[in-house]
Amino acid sequence: MTTKWHKLLCKKDQLQLLGTLNGGQSFRWKQIPENQWLGIFSKKVWILKEATDAILYQVHAPNSTKTSPKKCNEELSNYLHLDVDLSEYYPKWSEKDPNFKDAAEQFYGIRILRQDVVENIFSFICSQNNHISRITSMVEKLAEYYGEKICDINGITYYSFPDVEKLAADGVEQHLRNNGFGYRAKYISNSAKLIADGGGNKWINELQEMKYEDAKKNLMTLMGIGAKVADCICLMSLGHLQAIPVDTHIYQIAARLYMPKLGKQKTVTEKIYNEIGEFFRDLYGPLAGWAHTVLFCADLKKFQDNKVETAKTSKHKKQDSKTKINSKKLKT
DNA sequence: CGGAGACCTTGTCA
DNA sequence: ATGACAAGGTCTC
């Protein structure tokens, strides 16, 4: 086990750990003392902290796992999507949209992570109609029940996210039902079986090769995955940075600030869903999903506590409507 | 094709 | 304290 700190060069405006790791993209990161972040990806436990023009990190993995500094640097850099230079985009998005410019002050350095596809498929199935805190505990349970132990740190055992085959096994649905997963237990079990029957890794590999529209369509054939969850997976795990997950936050933002005609709409139909996506793609360009994530962060309640309340934010504070996302499956 | 309800469970707010 | 309501929606009718 390595406990040495490694260094990955990275300017401050290129990466903010708080908004990126705790902004609802991944459910595998926790803030720990001394302003450090502990998270799990690629079957390793990572501890990160910000330093001047760099990220310092530790890697914890089983002794059998290779953790050469070079390989770890590459893995972390890839996970954080550091090949995209935000200084090329933030000014452009700010120029096109004053709302983005406002959000970007607090939410500089927000990055779309390159997350594991399988983990995100099941994490975002859990996310529907649910709170981030509960989603996090459900993802942790999936890892604990069906994943593999990585290591212990300070008396806590960490587990990797399980393979699809583990989730496709008999008895999973009942087991999850008994452990607080509610109706999502069936979605997880059925989707895992659908993927396994479709070839398992082969199905996943083919998904990764598809273009955005095809990948989205295929994801929506799984149970419990509609347009929004499919777009989350496309954006955060398949590199389709034009994908715009239209959730309740983004719908509210769109109706309030960009598309006033939505005001009276009670449900988000497939048509409305796609219109909102097209609107933002038209506004921000090919990396619209990335820009949208900055707006999403700015709308998260947990990030608004330490923010100075302005007349503008307080005015809209309590006006969330009863609008439900109701986009239906695309017909092929 | 669009609308209306149901759905597990937990956190939050009055 | 207790109930209503919302939570990064989706499925079914």
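Please read these numbers as outputs of a predicted model, since none were measured by experiment.
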Would you say a side-chain N or O of [X] is under 4.0 Å from OP1 or OP2 of [N]?
{"X": "A:R184", "N": "B:dC7", "answer": "no"}
{"X": "A:H249", "N": "C:dG8", "answer": "yes"}
{"X": "A:T248", "N": "C:dG8", "answer": "no"}

Please confirm whether [X] and [Y] have ring centers closer than 6.0 angstrom.
{"X": "A:F124", "Y": "A:F27", "answer": "yes"}
{"X": "A:Y187", "Y": "A:F181", "answer": "no"}
{"X": "A:F100", "Y": "A:Y90", "answer": "yes"}

Starting from [atom2] on [N], measure out to [atom1] on [X] and report it in whole angstrom.
{"X": "A:N178", "N": "B:dC8", "atom1": "CG", "atom2": "C1'", "value": "13 Å"}
{"X": "A:N179", "N": "B:dT10", "atom1": "CG", "atom2": "C1'", "value": "15 Å"}
{"X": "A:N129", "N": "C:dA6", "atom1": "CG", "atom2": "P", "value": "11 Å"}
{"X": "A:K302", "N": "C:dA7", "atom1": "NZ", "atom2": "P", "value": "14 Å"}
{"X": "A:F27", "N": "C:dG8", "atom1": "CZ", "atom2": "P", "value": "9 Å"}
{"X": "A:Y251", "N": "C:dA7", "atom1": "OH", "atom2": "P", "value": "14 Å"}
{"X": "A:Y273", "N": "C:dG9", "atom1": "OH", "atom2": "P", "value": "11 Å"}
{"X": "A:Q128", "N": "C:dG8", "atom1": "CD", "atom2": "P", "value": "13 Å"}

Consider the side chain of [X], meaning its heavy atoms from C-beta on, and name the nucleotide among [options] that approaches it most closely.
{"X": "A:R134", "options": "B:dG2, C:dG8, B:dT10", "value": "B:dT10"}
{"X": "A:M223", "options": "B:dT10, C:dC11, C:dG8", "value": "C:dC11"}
{"X": "A:H131", "options": "C:dA7, C:dG8, B:dG2", "value": "C:dA7"}
{"X": "A:R177", "options": "B:dG11, C:dG9, B:dC8", "value": "B:dC8"}

* Asked: Checking A:Q25 side chain against A:L113 main chain: does a donor-acceptor pair fall under 3.5 Å?
  ->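 Indeed, once roles are kept as given, a pair shorter than 3.5 Å links the two residues.
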
Could you give the distance separating [M] and [N] at their [atom1] atoms, to the nearest angstrom?
{"N": "C:dC5", "M": "B:dG5", "atom1": "P", "value": "14 Å"}
{"N": "C:dT2", "M": "B:dC8", "atom1": "P", "value": "26 Å"}
{"N": "C:dG8", "M": "B:dG3", "atom1": "P", "value": "24 Å"}

* Do A:Y183 and C:dG9 have a side chain to base donor-acceptor pair shorter than 3.5 Å? ->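 For A:Y183, whose side chain was compared with the base of C:dG9, there is a donor-acceptor pair (under 3.5 Å).
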
Which part of the nucleic acid, if any, lies within reach of [X] when heavy atoms closer than 4.0 Å are counted: base, sugar-phosphate only, or nothing?
{"X": "A:G180", "result": "sugar-phosphate"}
{"X": "A:F296", "result": "base"}
{"X": "A:M236", "result": "base"}

* Asked: Is the count of non-hydrogen atoms from other residues, nucleotides or ligands lying under 6.0 Å from A:Q31 atom CD greater than 12?
  ->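 It does: A:Q31 CD has more than 12 such atoms within range.
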
* Asked: So what's B:dC8 paired with, Watson-Crick or G-U wobble, going by both distances under 3.5 Å?
  ->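 Across all strands, not a single nucleotide pairs with B:dC8.
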
* Going only through I, L, V, M, F, W and Y residues with side-chain contacts under 4.5 Å, is there a path from A:L48 to A:Y79? ->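 Looking at the clustering, A:Y79 is in the same group as A:L48.
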
